[in-house]
Amino acid sequence: MSRRVIQDDKLKNFINGNWQEPSGGKYTDVTNPANLETLVKVPLSTAGDVEAATEAAKKAQKNWALVPAPQRAEVLYRVGMIMKERKEYLSQLLTMENGKVIEEARGEVQEGIDMAFYMAGEGRRLFGQTTPSELKDKFAMSVRAPVGVVGIITPWNFPIAIATWKSFPAIVAGNAVVWKPATETPIMAFELARIFEEAGLPEGVINVVFGSGSTVGEAMIEQDTIRVISFTGSNEVGRNIAGKCGQRLKKVSLEMGGKNAVIVMDDADLSLAVEGILWSAYGTSGQRCTACSRVMVHESVKEELEKRLLTEIAKLSIGNGLDESVKVGPIINRSGLEKIKAYIQVGKEEGAKLLTGGYIMENGTHANGHYFAPTLFTDVRGDMRIAQEEIFGPVVSLIPVKSLEEAIEINNSVEYGLSSSIFTRDVNKVFAAQRDLDTGIVYVNAGTTGAEIHLPFGGTKGTGNGHRDSGVAALDVFTEWKAVYVDFSGRLQRAQIDVE
Ligand code: UN1
């Protein structure tokens with residue numbers, strides 16, 4: 001399986017349709033977090049490589065923008081078809097480089113396939129508006145124009161899905177792309193670039209430059225030709241990008257995580273709530289921006305929920321995600337593990353009660369990978385750090401509450417606003433919650449994960465800066481609105497003046 005990805009054991013950049021070594025000749029290892037095996041080497045590219053990619057994109061974009069959008073879309077249909085044919089192959093590689101269990105890897109690849117077909121459909125829409133002019137014999141409309149060259153920076157936790165959320169709308173709208181994938185998970189980027197190549201995307205329309213944020217990411221910001229940066233990753237890096245892009249009047253779209261909560265009311269179907277919490281908190285080992293990390297539980301069902309969660313957590317099998325029976329895979333790397341461990345200490349010091357987990361798994365086969373035991377704290381207060389900060393691991397804090405109002409207030413008290421959920425059978429509570437929960441995504445009687453690609457993905461406050469990935473809203477990031485007025489009166493008509 002891994003042989004096919006190896007180009008002399010080293011991945012190459014994809015610039016102007018050519019597979020190229022990084023100009024500085026530097027590489028770093030890509031490690032399977034489940035067993036610490038080296039999979040391949042990934043380039044650590046230079047600013048010069050970014051410049052070459054940007055030049056190629058600039059040249060290619062001029063012609064690409066002139067290809068009718070329905071034809072641009074056909075490339076995406078072909079990309080979707082190839083991804084579908086290769087779904088199992090891609091999923092296994094994804095599990096190897098990222099660690100997520102194979103069932104979830106298949107789900108992520110499917111998310112990319114869905115995005116291909118959805119955005120291909122946009123090739124025959126890309127709707128603008130026509131509207132009456134205030135003057136006689138004059139026509140008015142708005143159209144979406146490509147921005148030009150766009151930069152995308154994608155994370156390791158959804159290395160193929162998020163890449164499709166950003167690159168597909170950019171491409172169908174007539175842009176060319178410079179893409180920096182996360183160095184932890186470059187294999188999905190390599191595979192997707194190959195698929196674009198096979199699907200017949202003209203050279204230079206997508207360019208992949210592997211490397212660090214501090215070199216490749218910064219160089220992308222420096223390039224004046226790159227007019228948009230679309231980034232998913234940490235809040236700290238996102239703020240840095242936003243500041244620098246702001247100075248350069250560069251459009252920037254950010255998605256930077258969450259501190260997502262499930263609310264369990266006293267009338268909830270508790271079995272369903274337990275399933276929803278388990279799936280959205282411990283699935284992907286908690287390494288989703290949308291992962292559930294807080295549960296506001298009505299005090300009257302708190303003990304019962306604790307008991308049921310503990311029973312189910314004890315049944316979770318933890319290990320290499322290629323094994324179909326495994327439910328929880330590894331953490332991406334050592335520093336991820338250490339960060340989670342540090343938060344356990346913080347939680348204990350703050351007075352939270354640790355019910356289970358809380359440790360790095362270092363015995364038996366777990367010693368060969370980066371595994372963290374699924375963890376449950378209870379008697380947590382909404383203002384504790386473990387209930388406020390993003391941990392990005394399999395750690396849940398149960399926060400007892402007396403009412404829906406209190407739960408909503410605690411939900412909204414964090415810096416982030418990505419996803420939230422409520423389990424209740426009361427329709428009044430459902431509608432009040434969907435109105436008052438200050439997050440970009442709200443679920444009713446489901447966990448906090450599992451957004452579908454044809455709806456907007458993103459959030460409020462520290463989660464982003466007002467833009468959305470996926471859905472039709474993604475087109476707003478990668479297009480400029482152009483207002484077009486056609487005067488067919490044959491004389492000079494002055495708006496606001498020559499009106500009767
Ligand atoms: C992410 O973690 O950044 O809604 C993406 C979900 C997935 C995407 C998560 N469809 O959980």
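First listed ligand is number 1; within each ligand, the first listed atom is number 1.
With no hydrogens or angles considered, a side-chain donor-acceptor pair links Glu306 and Thr378 at under 3.5 Å. For the residue pair Ser91/Arg86, the side-chain donor-acceptor check at 3.5 Å is not satisfied.
Ligand 1 is surrounded by Glu111, Asn157, Phe158, Ile162, Trp165, Glu255, Arg288, Cys289, Thr290, Thr449, Gly450, Ala451, Phe457, each with at least one heavy atom closer than 4.0 Å.
For Arg106 and Glu103, the salt-bridge test fails: no basic side-chain N is under 4.0 Å from an acidic carboxylate O.
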Donor-acceptor pairs under 3.5 Å, side chain of residues 438-445 to any protein atom, not counting sequence neighbours: which ones?
from   : atom 1 : to     : atom 2 : distance (Å)
Asp438 : OD1    : Thr460 : OG1    : 3.2
Thr439 : OG1    : Ser420 : OG     : 2.8
Thr439 : OG1    : Ile441 : O      : 2.9
Tyr443 : OH     : Thr449 : O      : 3.4
Tyr443 : OH     : Ala451 : N      : 2.9
Asn445 : OD1    : Thr424 : N      : 3.1
Asn445 : ND2    : Thr424 : O      : 3.2

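Annotation: side-chain hydrogen bond (donor to acceptor under 3.5 Å, both in side chains) contacts involving residues 236-246, sequence neighbours excluded, comprise Glu218-Asn240, Glu218-Lys244, Asn235-Arg239, Arg239-Glu415, Asn240-Lys244.
For Trp156, the ring pair (Phe, Tyr, Trp, His ring centres under 6.0 Å) partners two or more places apart in sequence, or in a different chain, are Phe392.
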